[in-house]
Amino acid sequence: MTKFTVNNQPVEYRMDPATPLLFALRDASNLTGAKYGCGTGHCGACVVHVDDVARKACQIAIGSIEGSFVTTIEGLSHDRSHPIQAAFLAENVSQCGFCIPGMVMAAAALLKSSPRPSEDQIRAGITNICRCGVYPRLVEAIQRAGRIQRGDEQVASPRPGVDPADAARIVPALTPAP
Ligand code: FES
Ligand code: FES
């Protein structure tokens, strides 16, 4: 059994300690935001935060992060109000959307360490692969998120068509600790 915290809830996985974190999150906790892309640590579709650091969940055995604090895209904010989420919506970054949860988590970590990132810092720091090629909008969105975070720009509202009640929905399906 492996115990750690996911999105502020204590969880206990009764799985092989060698199980990749991505599979534990998706299959046992029904947190399907992090995606399985390559499974080899190259694409970044599976990025989550482990102790506030962006990590590729397909490359982490759950047994190696006992006692850690994991945050997934579902736990980044309860209402999509994180500056990165607001800016991604405002800049219409997403195309097919498959890479976006990993992109958002990588970008949120970058913004935390570099509140005013240059284009070069963003291109060097975000190595996630997007088959749709959203990279120009990604750069714009991360810089806009920086302005939102610094208070230099008003937080963007969800796009028309996004029901705020739906946006605030919290995914509850974690395995509770006894
Ligand atoms: Fe983890 Fe591609 S699925 S890096
Ligand atoms: Fe389609 Fe990135 S938006 S893979």
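In each ligand, atom 1 is the first atom listed, and ligand 1 is the first ligand listed.
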- Query: Can Lys3 and Glu66 be said to form a salt bridge (Lys or Arg N to Asp or Glu O under 4.0 Å), step by step?
  - Reply: CA-CA 6 Å; Lys3 296 180 184 178; Glu66 180 94 35; over 6 Å; no

- Query: How many angstroms lie between atom NE2 of His49 and atom OG1 of Thr71, to the nearest 0.5 angstrom?
  - Reply: 7.0 Å

- Glu12 and Thr2: side chain donor to acceptor below 3.5 Å: no

- Task: Measure the CZ-CD distance between Arg131 and Gln95 for me, rounded to the nearest 0.5 Å.
- Result: 10.0 Å

- Message: Between Arg123 and Glu119, does any NZ, NE, NH1 or NH2 come within less than 4.0 Å of an OD or OE carboxylate oxygen?
- Response: yes

- Query: Can you tell me how far CE of Met15 sits from CG of Asp27, rounded to the nearest 0.5 angstrom?
  - Reply: 6.0 Å

- Query: Is it true that the side chains of Ser81 and Asp79 contain a donor and an acceptor less than 3.5 Å apart?
  - Reply: yes

- Result, protein N, O or S atoms below 2.8 Å from atom 1 (Fe) of ligand 1, excl. waters, equals 2

- Task: With 2.8 Å as the limit, jot down which protein N, O or S atoms are around atom 2 (Fe) of ligand 2.
- Result: Cys99 SG, Cys130 SG

- Query: Yes or no on side-chain contact (heavy atoms from CB on, under 4.5 Å) for Phe4 and Leu21, after CA distance, side-chain angles and deciding distance?
  - Reply: CA-CA 11 Å; Phe4 48 91; Leu21 173 61; 3.7 Å; yes

- Task: Would you give the length of the straight line joining atom CD1 of Ile100 to atom OG of Ser94, rounded to the nearest 0.5 angstrom?
- Result: 4.5 Å

